[in-house]
Protein chains: 2
Amino acid sequence: MPERQPHDLAGPAEGQDGVLSDEDIYARLYTAIARQQLPPGTRLREDEIRQIFGVSRARIRTVFSRLAHTGIVTLEPNRGASVTRPSVKEAREVFAARRAIEGTIAREAVQHATKRDIARMRDHLMRERDADNRRDRTGMIRLSGEFHLLIAEIADNELLRRFLADLITRESLVILTYEQPGRPSCSNHEHEHILEAFARGDAEGAAKLMIEHLDAIEERLDFGDRQRSEIDLATILRGSAES
Amino acid sequence: MPERQPHDLAGPAEGQDGVLSDEDIYARLYTAIARQQLPPGTRLREDEIRQIFGVSRARIRTVFSRLAHTGIVTLEPNRGASVTRPSVKEAREVFAARRAIEGTIAREAVQHATKRDIARMRDHLMRERDADNRRDRTGMIRLSGEFHLLIAEIADNELLRRFLADLITRESLVILTYEQPGRPSCSNHEHEHILEAFARGDAEGAAKLMIEHLDAIEERLDFGDRQRSEIDLATILRGSAES
DNA sequence: GCGAAAATTTTTGCTAACAATCATTCTTGG
DNA sequence: CCAAGAATGATTGTTAGCAAAAATTTTCGC
């Protein structure tokens, strides 16, 4: 897993007179991490980021502090910032937190959903299928997360939507850290079942399917396998030293 | 509603060599706000806070930025920071978000709870009753929030616990803004019913009671009355100008 | 006396620069 | 040749100070 460098974070200037606001910078870094462009462990050096965005270091420190507060960036005193490498415990907490809220979000969203919302969901799944057919992995990851956020948007609670956005971003780091090659984490077949529950107005069904979907994502990761293989290697290496 | 000043935020130094870390400063301000010591609208001037804590302004700016990210402090460009005054919409979102997660948290907590946890809850309710009998309003508010956080702690998901802590802090601002005098917002009788559900291991019952408890808190506030009385005054004042 | 404009003060936004810490490279002794 | 220590460079942590914006006070004209 090579660490990618944050070279292309700067884009068209969004603020007044071409100056990026702290919020803009935060959003850029956040999005890059959410889209797995900056994998876990990527060093984020203040001076480099400040040059990329053309601002002073103090601005970057502020942004880093906020990113750290959401848990997607880790600050080490005197050593700087890096994209968070989630531990197994953290990973499991992210999934548990998602299960805790996404069932309820789905239920609320079904009760709020208009015909237009359902059409948006359909359109979204078509785009997921397109990306899947094109083997556009980055696009799939983005669209998968966005499907969940679309549901949260339909549920119409900004606090929950933002909390979920953070959880999804943290989960994208989990996926990069613990994913098994060739085994996609988020299935658009499962998304389609959820959409069907929405279309028939089945709030409890949607909630149940959502939780099962999240269970399935978690199962596709390999926390357990990784720990076992580490123990085996250590045993083997100790054995060969003693014989 | 007078605005209190942040004079007494500094306390015993907690960091190495008596220097407070950013985290310490964040925690101090957060706690003061959560305990309603700094009411909605309180101006937080950088220079004043920096003098109180004996650090540079840049440190304070970092802390303010993070507090603003949780929504409990509001930053206005070129005008500074103040404790957030929640709008009615925000207030309702806080309650809706709490209902969305606290039912699930209560359910999880019942399934995790040990005898020791139940004893801690009982002890906590005794302290609530003490505070109530002493008419210690500040203590009641703190302990009420802490009861909810104790349940989240028993549920053992740090992400949810922290999100709930933020929601509770935001709710304490809502209560200060919209509370009816003489009408306490959080009833320890309702807490006792919740504890009973815990003691008999009734996860669904606990979840249901928790949601009803939150409904009841929300009902005790007067979003509606306030809006209605404003409309009446405007109508009356316009009527007297035309006659 | 009142309102508007000007002047002054206060506060925020931001940067350059220095101190402190860590990481890397070089040197030295065994 | 290797390990330990020293030297050097890179990076973070922090502050002082200036520019810009907002708030407050003073002045002036009617």
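Naming: A, B, ... by sequence-line order, numbering from 1 per chain.
Nucleotide dT12(D) holds its P atom 7 Å from the CZ atom of Arg57(A), rounded to whole Å. In this structure, Arg50(B) places its CZ atom 16 Å from P of dG13(C), rounding to the nearest Å. Rounded to whole Å, the distance from CZ on Phe53(A) to P on dT15(C) is 14 Å. When the P atom of dT12(C) is taken as reference, atom CG of Asp47(B) falls 8 Å away, rounded to whole Å. Atom CD of Glu46(B) and atom C1' of dG17(D) are 15 Å apart (whole Å). Spacing between atom CD1 of Ile60(B) and atom P of dT11(C) amounts to 15 Å, rounded to whole angstrom units. Rounded to whole Å, atom C1' of dT11(D) lies 14 Å from atom CG of Leu75(A). Spacing between atom CG of Asp22(A) and atom P of dT12(C) amounts to 15 Å, rounded to whole angstrom units.
Side-chain atoms of Arg79(A) stay outside donor-acceptor range of the base of dG13(D), with no qualifying N/O pair under 3.5 Å.
Taking side-chain N and O atoms only, Arg43(A) has a distance below 4.0 Å to OP1 or OP2 of dT12(D). In this structure, Arg45(B) does not reach the dA23(D) phosphate: none of its side-chain N or O atoms is under 4.0 Å from OP1 or OP2.
Without hydrogens or angle criteria, Ser65(B) side chain to Arg61(B) main chain gives no donor-acceptor distance under 3.5 Å. For Tyr30(A) (side chain) and Asp166(A) (main-chain N/O), a donor-acceptor pair under 3.5 Å exists by modelled atom type. Judged by distance alone, the side chain of Glu46(A) and the main-chain N or O of Ile60(A) form no donor-acceptor pair under 3.5 Å.
The residue among Pro77(A) and Arg61(B) whose nearest nucleotide of DNA chain C lies closer to the 5′ end is Arg61(B).
Closest to the Asn78(A) side chain, of the nucleotides dT14(D), dC14(C), dT21(C), is dT21(C). Relative to the side chain of Ser56(B), the nucleotides dT15(C), dG13(D), dT15(D) differ in distance, and dT15(D) lies closest.
Each of Ile72(B), Thr84(B), Thr42(B) was compared with Ile33(B) under the side-chain contact (heavy atoms from CB on, under 4.5 Å) criterion, and only Ile72(B) meets it.
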Hey, mind stepping through Glu90(A) and Glu158(B) against side chain to side chain contact (heavy atoms under 4.5 Å, CB included) and telling me if it holds? CA-CA 9 Å; Glu90(A) 283 162 359; Glu158(B) 182 62 12; over 6 Å; no
